[in-house]
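Ligands are counted one by one from 1 in listed order, and the atoms in each one are counted from 1 as well.
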Amino acid sequence: MILLDGKHVSEQRNLELKDKIEVAKAIYHRPPKLSLVLVGDHPASLSYVRGKRRASKLVGMESDTHLLPENTTPETLRELITNLNQDETVDGILLQLPLPKHLDEDEFINLISKDKDTDGFHVVNQGNLYQTKPTVHPATPKGIMTLIDTYNIDVKGMHAVIVGRSAIVGFPVARLLMDRGATITVCHSKTKDLTYHTKQADLIVMAVGRPELLTKDMVKDGVIVIDVGINRVDGKLVGDANFDDLKDVASYLTPVPGGVGPMTIHSVLENTFELYLKHLKKDN
Ligand code: NAP
């Protein structure tokens, strides 16, 4: 089994990005800037925001973090996002999800300017993705594609089974894999016989949020498994795939942690850099 080492790949790619930022800084006289917005103090969300802030610093990006209390009103969040949209020094805005229940996620995702949408969740950017037009790709699916490409995995003609159909992971990764010529099956909570589908897969993407749901009796020999899931079990992080079980049958496998997670952070930085270049080219 070959480990799809997202930690190592993201570190290499971040170094390359750092060099590109150095060059761009010399041309445009300022680094890219990412604004991170977090509402509430959910520990996992806080650690994701810290991770993105740390990574942006490492590649030479500027960032600022807006930590708002759990009881933030819609008006306050609207005002902050509107100001960040108008702020000429900000290239990318990342609203950490989930938001507290009283705030409408769709409203705020779409309030972020589509030109500063580092996560690629804005309805216009999602529409472009589904129409295969150039656009910002959601960070996790983009990170998965970068990982696959780095290991020279050609998915053309493969049968890819995506477990999970969320707008941020399952659905867009299905689109991107389909664009590369894979034949796609998307499974979800209403799928009657999950094993029937996973057994036929050449490549499986697990994006469910159920600890170690995928086991070796559910796959064929040589399968490629991309595990997006992040679950905390007894204080430990585990994926949606049972790593120990699958490592003897899979040809390629992502670990959790150290697989898709760091690739997602890298993609956020890459998206911010692309938005920065577009932003500055528009102004010049
Ligand atoms: P989500 O919005 O909760 O979607 C979960 C999906 O899984 C839904 O489509 C759901 O089906 C499906 N599902 C639930 N139970 C199932 C079952 N027993 N069998 C088959 N499908 C089932 O989650 P998400 O935002 O896509 O995230 C999925 C996981 O990835 C979570 O663990 C999350 O923490 C993790 N994640 C990791 C990263 C990273 O960077 N590594 C990034 C994003 C998310 P229905 O649509 O029918 O409800």
Under 4.0 Å from a heavy atom of [X]: which atoms of ligand 1 are those, numbered in the order shown and with their elements?
X      : answer
Gly164 : 6 (C), 7 (O), 9 (O)
Val163 : 20 (C), 21 (N)
Thr264 : 39 (C), 40 (O)

Considering [options] one by one, which has a heavy atom nearer to [atom] than any of the others?
atom                    : options                        : answer
atom 19 (N) of ligand 1 : His188, Arg165, His197, Lys190 : His188
atom 16 (C) of ligand 1 : Val260, Val208, Leu213, Val256 : Val208
atom 25 (O) of ligand 1 : Ile265, Leu194, Ile168         : Ile168
atom 47 (O) of ligand 1 : Ser189, Ala207, Gly209         : Ser189

In plain terms, say whether [X] and [Y] are close enough for a salt bridge, that is, a side-chain N and a carboxylate O under 4.0 Å apart.
X      : Y      : value
Asp91  : Lys116 : no
Glu107 : Arg78  : yes
Lys20  : Glu16  : no
Glu270 : Arg13  : yes
Lys142 : Glu274 : yes

What do you think, any protein heavy atom under 4.0 angstrom from atom 2 (O) of ligand 1?
yes

Going through the distances and angles, do Thr135 and Asn125 end up as a side-chain hydrogen bond (donor to acceptor under 3.5 Å, both in side chains)?
CA-CA 6 Å; Thr135 192; Asn125 290 325; 3.0 Å; yes

Residue pairs passing the salt bridge (charged side-chain N to carboxylate O under 4.0 Å, His left out) test where at least one lies in residues 182-198, sequence neighbours excluded
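The answer is none; no pair qualifies.
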
What protein heavy atom sits nearest [atom], and how far away is it?
atom                    : result
atom 42 (C) of ligand 1 : Thr140 OG1, 3.2 Å
atom 24 (P) of ligand 1 : Ser166 OG, 3.7 Å
atom 44 (C) of ligand 1 : Val169 CG2, 4.0 Å

Check Val228 against ligand 1 and report side chain, backbone, both or neither, counting heavy atoms closer than 4.0 Å.
both

Does Arg210 approach ligand 1 within less than 4.0 angstrom via side chain, backbone, both or neither, non-hydrogen atoms only?
side chain

Heavy-atom check, side chain of Gln96 versus side chain of Tyr48, under 4.5 Å:
yes

Parallel, tilted or perpendicular: which fits the ring planes of Tyr276 and Tyr28, with parallel below 30° and perpendicular above 60°?
perpendicular

Distance-only N or O hit between ligand 1 and Asp240, under 3.5 Å:
no

N/O separation below 3.5 Å, Ile230 to ligand 1:
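Right, the criterion is met.
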
Report yes or no: does a heavy atom of Gly261 sit under 4.0 Å from some atom of ligand 1?
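Checking ligand 1 against Gly261, which is what was asked, there is a heavy-atom contact under 4.0 Å.
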
Say you draw a straight line from OG1 of Thr118 to CG of Leu94; how long is it, rounded to the nearest 0.5 Å?
4.0 Å

